[in-house]
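Worksheet: one structure, shown below.
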Amino acid sequence: METLANVLVGLVAALHLYILVLEMFLWQKKPGRGLHGFDPEMARATAPLAANQGLYNGFLAAGLIWGLIAADPTGFRAQVFFLSCVVVAGVYGTVTANRRILFAQALPGALALAAVLIAR
């Protein structure tokens, strides 16, 4: 179960690294604009906000990676904390922005969190 938990945590970290790249570097390009259906003008106007969001996603990914490489109990605690942050951010995003976030962010985070807690 520990291996499954580590794989899920790694996948959630990779997802948030992908979101970082999308929001910080590709927002005004086709992949970023396509995410929300923005035209180039709207993408340009919202790029600073997206870059800020991307940075936060990078912090989540960094915390999860730290949790994977740190020895216990620090590694376990970091995983639980940062996965909890992922779930809370996903639920908040679902309520305030887009229901897709529930499935793209909150659900993977919750599954990884459950696996980490069960593996303990």
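The structure presented is a predicted model; accordingly, all values stated were derived computationally and were not measured.
Between Trp27 and Ala47, the shortest heavy-atom distance links the atoms CD1-CA, 3.6 Å. Of all the heavy atoms in His16 and Ala61, the pair that sits closest is CB-CB, 4.0 Å. Thr94 and Ile101 get closest at one heavy-atom pair: OG1-C, 3.6 Å. Contact detail for Val87 and Ala110: the closest heavy-atom pair is CG2-N, 3.4 Å. Taking all atoms of both residues into account, the shortest heavy-atom contact from Gln28 to Arg33 is O-NH1, 3.0 Å. Taking each heavy atom of Ala106 and Val91 in turn, the nearest pair found is CB-N, 4.0 Å.
Transitive grouping of hydrophobic side chains (ILVMFWY, heavy atoms separated by less than 4.5 Å) brings Phe38 and Met24 into a common cluster. Leu111 is not connected to Leu15 by any chain of hydrophobic side-chain contacts under 4.5 Å among Ile, Leu, Val, Met, Phe, Trp and Tyr, and they are in different clusters.
With hydrogens and angles disregarded, a donor-acceptor distance shorter than 3.5 Å links the side chain of Thr46 to the backbone of Met42. No donor-acceptor pair under 3.5 Å is formed between the side chain of Asp72 and the backbone N or O of Thr74.
For the pairing with Leu64, the side chain to side chain contact (heavy atoms under 4.5 Å, CB included) check across Leu83, Leu11, Leu17 returns one residue only, Leu83.
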Check against side chain to side chain contact (heavy atoms under 4.5 Å, CB included), Leu113 and Val80
CA-CA 6 Å; Leu113 179 58; Val80 169; 4.2 Å; yes
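Under a cut-off of 6.0 angstrom, the local environment of OH in Tyr56 is sparse, with at most 12 non-hydrogen atoms contributed by other residues, nucleotides or ligands.
Note: Trp66 and Phe82 have perpendicular aromatic rings, judged against thresholds of 30 and 60 degrees for the angle between ring planes.
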